[in-house]
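Everything numeric here is computed off the predicted structure, so don't read it as measured data. Here is how names work: the chains are called A, B, and so on, in the same order as the sequence lines, proteins then strands, and each is numbered from 1.
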Protein chains: 2
Amino acid sequence: MSKTKVSIKDIAQRAGVSTALVSYVLNGKEKESRVGQEIATKVRQIAAELNYQPSHLAKSLRSGKTHTIGLVIADISNPFFANIARVVEDEAKRNGYTVIIGSSDENASKSQDLLDVLINRQVDGFIIVSSEDSEEQIRCLNDKHIPFVLLDRYFPDIPTDFVSTDHYKASYDAGTHLVRNRYKHIGMIAYDSQLFHMQERIRGYQDALRDNHVQAHEHWLKRVKISAIDTGVKAAIDSMLAIDQPIDALLFATYSLAVSGLKHINKLGIKVPDDLAIVSFGQAEVFELYYCPITYLKQPIVLLGQTAVELLVKKLTHKLTEPAQILMKAELIERASSKTKKTLTI
Amino acid sequence: MSKTKVSIKDIAQRAGVSTALVSYVLNGKEKESRVGQEIATKVRQIAAELNYQPSHLAKSLRSGKTHTIGLVIADISNPFFANIARVVEDEAKRNGYTVIIGSSDENASKSQDLLDVLINRQVDGFIIVSSEDSEEQIRCLNDKHIPFVLLDRYFPDIPTDFVSTDHYKASYDAGTHLVRNRYKHIGMIAYDSQLFHMQERIRGYQDALRDNHVQAHEHWLKRVKISAIDTGVKAAIDSMLAIDQPIDALLFATYSLAVSGLKHINKLGIKVPDDLAIVSFGQAEVFELYYCPITYLKQPIVLLGQTAVELLVKKLTHKLTEPAQILMKAELIERASSKTKKTLTI
DNA sequence: AATATAAAGTTAATCGTTTAAGCAAAGCAA
DNA sequence: TTGCTTTGCTTAAACGATTAACTTTATATT
C-alpha cells in the first residue's frame, strides 16, 4: 500500500540505527563490521516486514557494476539467434545477470550504435555475434578493456576470447558427406561476406572437394549479398543449373539462404534429392517438415551460449586470466535430402 | 585514452564553473536558468572534446525514470515471440527506450519472478504477453499503478490497456473457410489453457461450425497440455482419426501445435489436403515450404508490436489518459492445404 | 592504575546527475 | 541614496546504497 519504495533509510529509522548498520546487516557483513546479534535480527525482520528491495540503480552507481550483459546479435527474429538468445538469457539469469539484447542487422553502423547505447547503459560486458565490418569495433573494445566474448564468429587477427563452431570442419564434413554419397557436382551458396566464419565455411567446402578429388567448377560457388538474399539466391541457383556441368548437390551456408533457396527450388519443380541433393547449415522445423527432410549441420547452440556466458562471467569476476578460444564441433544430421545418389543402371 | 569515464564534474573543472551550470547547459535549460552565451558554448565545446556521455544510472537514480521497457513473453525462441520482440525492440529504440526481454515459459511462477526482477531494475513499464494463471499478477500491477500494456492476450475481467488480435474472429474465419471449401468434419487442436485468447479461438471455431450448420462432434475438439505438446498432439490426432466420423480438416490453435501435428501427420503418411486439410494460427517459413503450403492466420505482428510500444510510451509520458483496448484483425492466408475438397464423383 | 584491545555503532564521503534556493553584481527607477 | 529587478552563477540537498574512518563504551592485559 505504501506508495513510495522502501529504502535502507526507512529501515534504519524504524530500527533506530544508522543506514550504515542496515547496509552491513543486509549484506551479511555483520561479522566483519561487528554488528550485535539482536540488532542484526531486528534489522532483518524489519526489512522483511517492509518487503525491502534494494535499488539496483543505487547499487550500480556506487559499485560501477550493473550485473547486466549486452547481447549483440544480427537479428532476434532469426531462429538461430533467437535460440542463442534464449540460452544466454537463461544462463545469465542463473548467474544473477540480466541480458539486454540488440539486433545489429549485420550492419556495422547499427552495431556501433548498439555498442554505444549499451556501454552508456554500463553493461558489465558483452556477448557479441559480430557483424560485417565490425572488426574495428572489436579492436576498440579490446583497447578499452571492455570485457566481451565473441560468439560463433571471431577474427583470427584479433586476440579475443571466443566460443565458436568449427565452421571449417563443419563445411568440410558436409562436402565430404556429399561426395561419399556419390554426388560429383556440388555447389555452394554463401554470403558475400568478409567475415571469417563465412570464409571458413567456404574453405571447408573447397578443401572437401579437393581432398576427395572432385574438380571444382568455378560457377559452383556463389556469394550472395546479404541485402538481397532472395534475388541473389534465385540468380545463383538458376546459373548453377544452367551451366555445362550443372550441380547435383547444393550446400547452403546459412539457414536464411536455405529457406530462400528451397522456395525457389520448389517453384522450379526440382525434386530433392533426385534432381538436387541439399545440405544446409542451421536447424529449424522447416528442415524436418520439408517433403524431403533436409540434412543439416547442427551447431551446439546450447553449449555455445552457456559457455559464452560462463566465460564472460568469469572474466567479470576476474576468475579468468588466460585467454579462452574455444571451437566446438557441429554435428551433421543426415536426412533424406542427401541420401546416396541413385546411379543410373542402363 | 583517459581511463576514467568523464563526468559533468570534469567538464565543470575545465570550464571553471559549477557542475550545476554544466548540467543546465547540457540539458538545454540555459534560457530558464539564465546561463551566459559564451560560457554555454564553452561548456558545450568542452563536453564535445571530452566526448562526454551522461551516466544513465545517475540520471535514472535522480529522476526515477530508466527509459527501459520490460517485455515479458513466453519464449523468445518461438518465432512468433521472436518477431514480436524484434518489432518492440525497434519501436522502443525509436522512442529512446531500451528493452529487456524475459521468457516466462507460459509459467506463472517464472512470470512473477521476471516481473519482480524487472520491477527491481526499475523498468518504467511493461509490455506483457500474459501466461497461464497470471491474472492475479496483472491485477497486482494494476493495483500498484505500474504502467503496462498487454499484448496479444488479455483478461476481459480486468480493465487494462491491451493490443490484441481478434482471436475469435480469426478462428471463426478459419472455420468458415473450411466449411465453404466443403470440409464437414472439422477438428481443432488447442492448448489446454484458461487464457482468454485460447478460449476465444475455441469459441470462434465452435461458432463457425454452428453458424454453418455443421453438427460438431465432441471428439473433434482436443485440448493439449502445454507441458507435453508432442504426446498430446499425437494422441489427439490419432483419436480424431479413429472415431466413427473421422475428421477431414484440422485447425491448429498455435504454431507450435501445428509443427508438432504436421510431424505426426507426416509419420502417419496422411496426405494434405486430400486426406486432411490443415489451417493453423501463426506464420513461419515452415508453412510456406511444407510440401503442401499451409493455410494460416497471419497476425498483424508489426502493427501489434508498434501499437503496444506507442501506447506504453504515451502512458509513460502521460499523454494517454483514457484506457485503450485495441483489437486487430488477423488475415487468413489461403494456401493449398485447405483448398476446395475434391468430391467423389461416382 | 594505566593502557591496549575488542565490541557496537555512527559519520560522512562517494558514485553522477538534477534542481530549488541563494547570492552577488549590475541595471534601472524613484 | 535607496530599493527593486534582472542577470549569471554557485551551493547544497537529493536520489539509494556502500564503506573507510571514526567514536564511544566495555573488557582484558600488564
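Contact annotation for Leu57(B): no contact, since no heavy-atom pair falls under 4.0 Å across all strands.
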Could you run through nucleotides 17-28 of chain D and give me one letter per nucleotide, 5' to 3': B if any protein heavy atom sits under 4.0 Å from the base, S if only the sugar-phosphate is that close, - if neither? BBBB--------
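A cation-pi arrangement is present between Lys315(B) and Phe148(B) under the rule of less than 6.0 angstrom and at most 45 degrees off the ring axis.
Ring pair Tyr154(A)/Phe196(A): centre-to-centre distance below 6.0 Å.
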Considering only distance and modelled atom types, tabulate donor-acceptor pairs under 3.5 Å from the side chains of residues 92-102 of chain B, sequence neighbours left out.
unit_1   : atom_1 : unit_2    : atom_2 : d
Arg94(B) : NE     : Glu91(B)  : OE1    : 3.4
Arg94(B) : NH2    : Glu91(B)  : OE2    : 3.2
Asn95(B) : ND2    : Glu91(B)  : O      : 2.8
Thr98(B) : OG1    : Arg121(A) : NE     : 3.1
Thr98(B) : OG1    : Arg121(A) : NH2    : 3.2

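A donor-acceptor pair shorter than 3.5 Å cannot be found between the side chains of Asn107(B) and Ser111(B). A side-chain donor from one of Glu49(B) and Gln45(B) sits under 3.5 Å from a side-chain acceptor of the other. In this model, no donor atom of one side chain and acceptor atom of the other lie less than 3.5 Å apart for Thr66(A) and Gln122(A).
For Thr317(A) (side chain) and Val313(A) (main-chain N/O), a donor-acceptor pair under 3.5 Å exists by modelled atom type.
Between Arg44(B) and Glu30(B), at least one side-chain nitrogen of the basic residue sits less than 4.0 Å from a carboxylate oxygen of the acidic one, meeting the salt-bridge criterion.
Running 5' to 3' along DNA chain C, contacts with non-hydrogen atoms of chain B at under 4.0 Å begin and end at dC15(C) to dG22(C).
Between Gln122(B) atom CD and dG16(D) atom P there is a gap of 8 Å when expressed in whole angstrom units. Atoms NZ (Lys65(A)) and P (dG16(D)) sit 23 Å apart, rounded to a whole Å.
Every pair passing salt bridge (Lys or Arg N to Asp or Glu O under 4.0 Å) that includes a residue from residues 95-114 of chain B is listed here, sequence neighbours excluded: Arg86(A)-Asp105(B), Asp105(B)-Lys110(B), Glu106(B)-Arg153(B).
When the side chain to side chain donor-acceptor pair (under 3.5 Å) test is applied to Ser103(B), the partners found at least two apart in sequence or on another chain are Glu89(A).
Between its opening and closing five pairs, the helix from dA1(C)-dT30(D) to dA30(C)-dT1(D) changes axis direction by 70°, a value rounded to 10 degrees.
The nearest heavy atom of DNA chain D to Leu61(B) and to Val35(B) marks one nucleotide each, and the one closer to the 5' end goes with Val35(B).
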